[in-house]
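Written out below as structure tokens is the structure these notes cover.
We use all heavy atoms of the structure for the numbers below, so side chains are in, but hydrogens, waters and symmetry mates are not.
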Amino acid sequence: MSSLNLDDFTDLIERPDGGVRRDAETHRERRIVPPGSLGRLDDLGEWLAAAQSAVPVRPVERPRVVLFAGDHGIAELGVSARAAGSAADLVRAVLEGGRPVSVLARRLGVPVRVVDMALDCDPASLPEDVVRHRVRRGSGRIDIEDALSPEEAEAAFRAGMAVADEEADSGTDLVVLGDVSVGGTTAAGVLVAALCGTDASVVTGRGGLAIDDLAWMRKCAAIRDALRRARPVLGDQLQLLATVGGADLTAMTGFLLQAAVRKLPVLLDGVVASACALVGQRVAFRAPDWWLAAHDSGEPGQAKALDRMALEPLLSHGVTVGEGVGGLLALPLVQAAAALAAELPELPEDAEGSGDAGQPEAEAEAEPAQEQEAGQAR
């Protein structure tokens with residue numbers, strides 16, 4: 001019998017402070033630029049203020065990329081352009097600085113943390129701080145068997161919670177959440193299709209390293225077969241993750257929910273993070289208020305999941321590489337929103353409510369006179 005009760009998250013997770021958000025809206029109306037002129041940056045600044053319970057909003061100074069890593073047995077069916085069991089090679093490349101996420105993180109000064117949950121490699125081949133949360137070596141082939149045992153699923157979920165606590169306790173003020181996996185988008189597709197009540201073909205994408213048409217058909221068939229196994233356990237989210245998720249996806253779900261408990265904002269990267277967020281929403285309906293969708297990767301499963309959670313992507317660049325890259329691209333936008341909300345000066349008190357905030361008073365008074373002269377000339 002599991003001692004983990006997911007229903008507790010419903011009570012533990014509160015929405016970001018609505019009163020603070022209203023104060024942030026009032027603060028925005030007093031700034032020197034007209035309300036709405038900064039577009040979505042205004043909304044982002046207010047969201048951050050509510051998440052931080054602070055007006056003006058504090059700058060995002062200690063972000064971190066957290067990547068959960070794992071291999072999936074379903075990759076043995078040729079559903080990925082990468083060889084089954086090769087996610088460890090990607091992890092090593094990330095750690096050595098040779099992947100896109102490594103380059104962007106260096107440029108932006110953001111540390112990257114990789115958490116091995118189910119890589120199919122000797123744990124001694126990777127640093128101890130990467131492998132210390134590992135649950136098993138590779139997740140099961142979800143079309144014919146469970147990804148995890150119930151005990152492994154609980155261990156993975158608790159590992160994700162522990163990582164969220166570690167980040168919150170260390171002072172991280174925003175997390176870019178991503179994955180490093182082979183076969184992970186297939187598992188994500190199953191979760192999205194199951195939770196949205198749709199067919200496999202609707203959620204089957206081409207993956208991070210694009211697959212050809214034959215591989216797409218194999219992937220679609222794999223999702224269809226796994227979906228048959230997922231539907232009977234939809235009422236139990238931990239069992240759902242054990243059946244068709246995998247250790248990395250289960251840990252990411254635990255991370256997302258505990259981050260919401262700890263009031264730690266999260267930028268969701270791609271389809272895998274979005275699928276885990278969708279499971280998290282099913283557990284605790286307030287949890288998505290703590291998450292932002294970083295970008296639209298073009299994966300149909302991601303679009304379906306974000307639509308269900310009413311999350312609108314910040315960017316749309318067609319970035320499919322995963323690894324938190326899309327999240328890192330969106331991070332400067334969030335930081336810019338915080339800076340503008342905090343640092344733009346307010347209007348002088350005698351100028352509030354007097355015409356267009358962006359137009360000098362003399363110009364505003366001159367316009368009617370000019371129009372009158374033009375009328376007399378006609």
Side-chain angles (χ1 to χ4, degrees), residues 39-40 43-44 47 68 72 74 79-81 100 176-179 181 183-213 215-224 226-227 230-231 234 237 240-241 244-246 248-249 252-253 256 266-283 285 287-331 333-334:
R40 198 170 174 191
D43 292 332
L44 279 176
W47 177 82
F68 287 88
H72 293 259
I74 198 70
V79 299
S80 172
V176 174
L177 181 66
D179 72 291
S181 64
T185 61
T186 302
V190 178
L191 291 173
V192 174
L195 291 169
C196 293
T198 191
D199 294 331
S201 60
V202 176
V203 299
T204 304
R206 299 281 176 169
L209 183 59
I211 53 177
D212 60 23
D213 290 344
W216 183 89
M217 287 187 282
R218 290 193 295 269
K219 184 174 182 178
C220 191
I223 291 177
R224 177 201 63 206
L227 194 52
R231 288 184 177 128
L234 273 176
Q237 287 77 43
L240 175 66
L241 290 164
V244 296
D248 48 348
L249 276 68
M252 290 174 75
T253 306
L256 282 166
V266 177
L267 268 171
L268 305 173
D269 180 43
V271 62
V272 174
S274 299
C276 296
L278 191 60
V279 180
Q281 182 198 43
R282 183 65 67 95
V283 174
F285 67 94
D289 289 352
W290 294 95
W291 311 328
L292 289 173
H295 72 123
D296 174 11
S297 68
E299 280 281 321
Q302 183 198 26
K304 196 78 176 173
L306 295 181
D307 180 68
R308 180 58 61 95
M309 293 183 288
L311 294 177
E312 183 182 353
L314 297 177
L315 301 173
S316 181
H317 293 331
V319 175
T320 62
V321 70
E323 304 171 6
V325 170
L328 271 178
L329 289 172
L331 176 61
L333 194 66
V334 178

Which donor-acceptor pairs under 3.5 Å do side chains of residues 187-199 form with protein atoms, sequence neighbours excluded?
none

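Residues meeting the side chain to side chain contact (heavy atoms under 4.5 Å, CB included) test with Pro100, sequence neighbours left out: Val321, Glu323, Val325. Partners of Ser181 according to the side chain to side chain donor-acceptor pair (under 3.5 Å) rule, which considers only residues two or more places apart in sequence or in another chain, are Asp179. Every side chain to side chain contact (heavy atoms under 4.5 Å, CB included) that Trp47 has, sequence neighbours left out, goes to Arg21, Pro265, Leu292. For Asp289, the side chain to side chain donor-acceptor pair (under 3.5 Å) partners are Arg15, not counting sequence neighbours. The side chain to side chain contact (heavy atoms under 4.5 Å, CB included) check on Ala221 picks up Arg224, with sequence neighbours excluded. Every residue two or more places apart in sequence or in another chain was checked for a side chain to side chain donor-acceptor pair (under 3.5 Å) with Thr253, and none qualifies. Applying the side chain to side chain contact (heavy atoms under 4.5 Å, CB included) criterion to Glu299, with sequence neighbours excluded, gives Val271, Ser297, Gln302. Checked against side chain to side chain donor-acceptor pair (under 3.5 Å), Arg206 has the following partners two or more places apart in sequence or in another chain: Asp213.
The side-chain heavy atoms of Val266 and Trp290, taken from C-beta on, include no pair separated by under 4.5 Å. Side-chain contact check for Leu314 versus Leu267: some heavy-atom pair is nearer than 4.5 Å.
Looking at every heavy atom in both residues, Ala200 comes nearest to Cys220 through CB-O, 3.6 Å. Pairing each heavy atom of Leu256 with each of Cys276, the nearest pair is CD1-C, 3.9 Å. Gly324 approaches Val176 most closely through the heavy-atom pair O-CG1, 3.7 Å. Residues Trp291 and Gln281 approach most closely at CH2-N, 4.3 Å, considering heavy atoms. In terms of heavy atoms, Leu311 sits closest to Pro288 at CD2-O, 4.0 Å. The heavy-atom pair separating Gly205 from Pro300 by the smallest distance is CA-CD, 3.7 Å.
Interatomic distance, CZ of Arg218 versus OG of Ser80, reported as 10.5 Å (0.5 Å rounding). Taking CG of Asp307 as the start and NZ of Lys304 as the end, the distance is 7.0 Å to the nearest 0.5 Å. Separating the OG1 atom in Thr204 from the CE atom in Met217 is a distance of 12.0 Å, to the nearest 0.5 Å.
Of the possible polar contacts, none joining the Asp248 side chain to the Phe68 backbone as a donor-acceptor pair under 3.5 Å is found. Under a 3.5 Å cut-off, the side chain of His295 and the backbone N or O of Asp269 do form a donor-acceptor pair.
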Thr186 vs His72, test: side chain to side chain contact (heavy atoms under 4.5 Å, CB included). Steps then yes/no.
CA-CA 9 Å; Thr186 302; His72 293 259; over 6 Å; no
When you look at Leu249 and Val272, which way does the side chain to side chain contact (heavy atoms under 4.5 Å, CB included) test go after all the steps?
CA-CA 7 Å; Leu249 276 68; Val272 174; 3.7 Å; yes
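Among pairs with a residue in residues 311-322, none fulfils side-chain hydrogen bond (donor to acceptor under 3.5 Å, both in side chains), at least two apart in sequence or across chains.
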